[in-house]
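The structure under discussion appears below in the form of structure tokens.
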Amino acid sequence: MILEVKLRLNSIIDTETLAKIIAEKAFKGMIVGLTGDLGSGKTTFTKFFSQAIGVKDNLNSPTFTILKIYEGNFVLYHMDVYRLEDIGYDFELDDFIYGDGISVIEWYQYIREMLPKNILSIDFKVIDEDARDVIIKGEEEYEEIVKAISNRYSN
Ligand SMILES: Nc1ncnc2c1ncn2[C@@H]1O[C@H](COP(=O)(O)OP(=O)(O)OP(=O)(O)O)[C@@H](O)[C@H]1O
Ligand SMILES: [Mg+2]
């Protein structure tokens, strides 16, 4: 069963809080898939997530490189596959996706068939300058994360 939670993030601080809650439950091999329009907050979320898992380097958008690797309490693979269509699908991402690190993938829907069935997905929607609606979904090993988010916001 897929668990799902919908939230309104009223400011960038709320996005940071969400990233922290997810980071508290982070595990090796975890995959987070991000979708949403340009400028909806995928990289911003990833930046806060990286800080919350102990990455000291400043995370920035990997759009022109597809993949950037960071070291914190976990190894973090930050991918943005928006341009993969131009570059070609021969790029070998499996070693990372199926490795021990954590993968956060912007525009993951473009490579959905390359990914395991279970991932944590977050879909961002722009509401206004500071507000974003997100739909977070996960099953099996990701259920606990969705429950933690849901508990945090229901009180
Ligand atoms: N609640 C919020 N959460 C996230 N970002 C926000 C929020 N409110 C405002 N913003 C702003 O929205 C912008 C989001 O840009 P960001 O680069 O994170 O988007 P993106 O989804 O990664 O875009 P792209 O598809 O181009 O990679 C930033 O300028 C950020 O400061
Ligand atoms: Mg981005």
Side-chain angles (χ1 to χ4, degrees), residues 3-26 30-89 91-97 99 101-116 119-138 142 145-155:
L3 294 184
E4 180 176 320
V5 56
K6 291 184 194 185
L7 298 176
R8 167 72 49 95
L9 305 172
N10 283 306
S11 73
I12 210 149
I13 304 296
D14 286 350
T15 301
E16 180 173 20
T17 302
L18 174 66
K20 281 183 179 164
I21 297 168
I22 295 171
E24 277 168 21
K25 305 259 175 210
M30 172 180 182
I31 297 172
V32 184
L34 307 177
T35 60
D37 291 337
L38 293 166
S40 58
K42 302 180 292 298
T43 302
T44 302
F45 167 85
T46 311
K47 198 182 286 247
F48 288 132
F49 180 79
S50 73
Q51 290 166 1
I53 61 162
V55 172
K56 299 285 177 236
D57 288 351
N58 185 40
L59 181 140
N60 44 51
S61 184
T63 299
F64 295 99
T65 54
I66 306 284
L67 168 72
K68 281 192 185 171
I69 302 174
Y70 299 88
E71 301 265 352
N73 304 329
F74 299 89
V75 177
L76 173 66
Y77 303 118
H78 181 205
M79 302 174 205
D80 184 325
V81 298
Y82 186 68
R83 304 204 112 75
L84 209 55
E85 223 150 9
D86 308 343
I87 295 164
Y89 286 95
F91 197 85
E92 204 43 76
L93 293 172
D94 279 21
D95 292 348
F96 305 107
I97 290 163
I102 294 176
S103 299
V104 178
I105 311 167
E106 297 190 36
W107 301 97
Y108 80 95
Q109 69 270 32
Y110 291 163
I111 58 161
R112 189 65 189 92
E113 71 287 357
M114 282 178 63
L115 301 175
I119 67 165
L120 184 77
S121 70
I122 310 177
D123 186 19
F124 290 83
K125 188 166 182 278
V126 177
I127 301 303
D128 61 30
E129 200 176 330
D130 296 318
R132 306 288 185 263
D133 274 357
V134 286
I135 301 172
I136 303 153
K137 292 182 195 167
Y142 295 95
I145 297 176
V146 181
K147 279 185 196 153
I149 298 163
S150 160
N151 290 341
R152 197 71 84 89
Y153 286 91
S154 61
N155 312 317

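Atoms within each ligand, like the ligands themselves, are counted from 1 in listed order.
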Using a 3.5 Å distance criterion without hydrogens, assess whether the side chain of Asp37 forms a donor-acceptor pair with backbone atoms of Ser40. no

Backbone, side chain, both or neither: what part of Glu106 comes under 4.0 angstrom of ligand 1, heavy atoms only? side chain

Between Ser11 and ligand 1, find which residue part has any heavy-atom pair under 4.0 Å and reply side chain, backbone, both or neither. backbone

Is any N or O atom of Gly41, backbone or side chain, closer than 3.5 Å to an N or O atom of ligand 1? yes

Answer yes or no: does an N/O atom from Thr44 fall short of 3.5 Å to an N/O atom of ligand 1? yes

Suppose I only count heavy atoms of [X] and a 4.0 Å limit; which atoms of ligand 1 are within that range?
X: Asp80; result: 27 (O)
X: Glu129; result: 8 (N), 9 (C)
X: Thr15; result: 1 (N), 2 (C), 3 (N), 4 (C)
X: Asp37; result: 21 (O)

Asp123 and Thr35: side-chain donor and acceptor closer than 3.5 Å? yes

How far apart are the closest heavy atoms of [X] and [Y], and which atoms are they?
X: Phe96; Y: Ser103; value: O-OG, 3.8 Å
X: Phe124; Y: Lys42; value: CD1-CG, 4.0 Å
X: Ile119; Y: Tyr142; value: CA-CE1, 3.6 Å

Strictly under 2.8 Å, is the Mg ion (ligand 2) approached by any N, O or S atom of Thr43? yes

Counterpart residues, side-chain contact (heavy atoms from CB on, under 4.5 Å), relative to Val75 (two or more places apart): Ile69, Glu71, Tyr77

Hey, could you give me the CD1/CG distance between Ile97 and Leu115, rounded to the nearest 0.5 Å? 5.0 Å

I need the Thr43 OG1 to Leu59 CG distance, nearest 0.5 Å. 7.5 Å

Asp133: partners by salt bridge (Lys or Arg N to Asp or Glu O under 4.0 Å), with sequence neighbours left out: Arg8

Determine which of the N, O or S atoms in Glu106 is closest to the Mg ion (ligand 2) and give its atom name. OE1

Return yes when [X] approaches ligand 1 closer than 4.0 angstrom through a heavy atom, no otherwise.
X: Lys47; result: no
X: Ser61; result: no
X: Trp107; result: yes

Could you work out, for atom 15 (O) of ligand 1, the closest of Ala19, Gly36, Gly39 by heavy-atom distance? Gly39

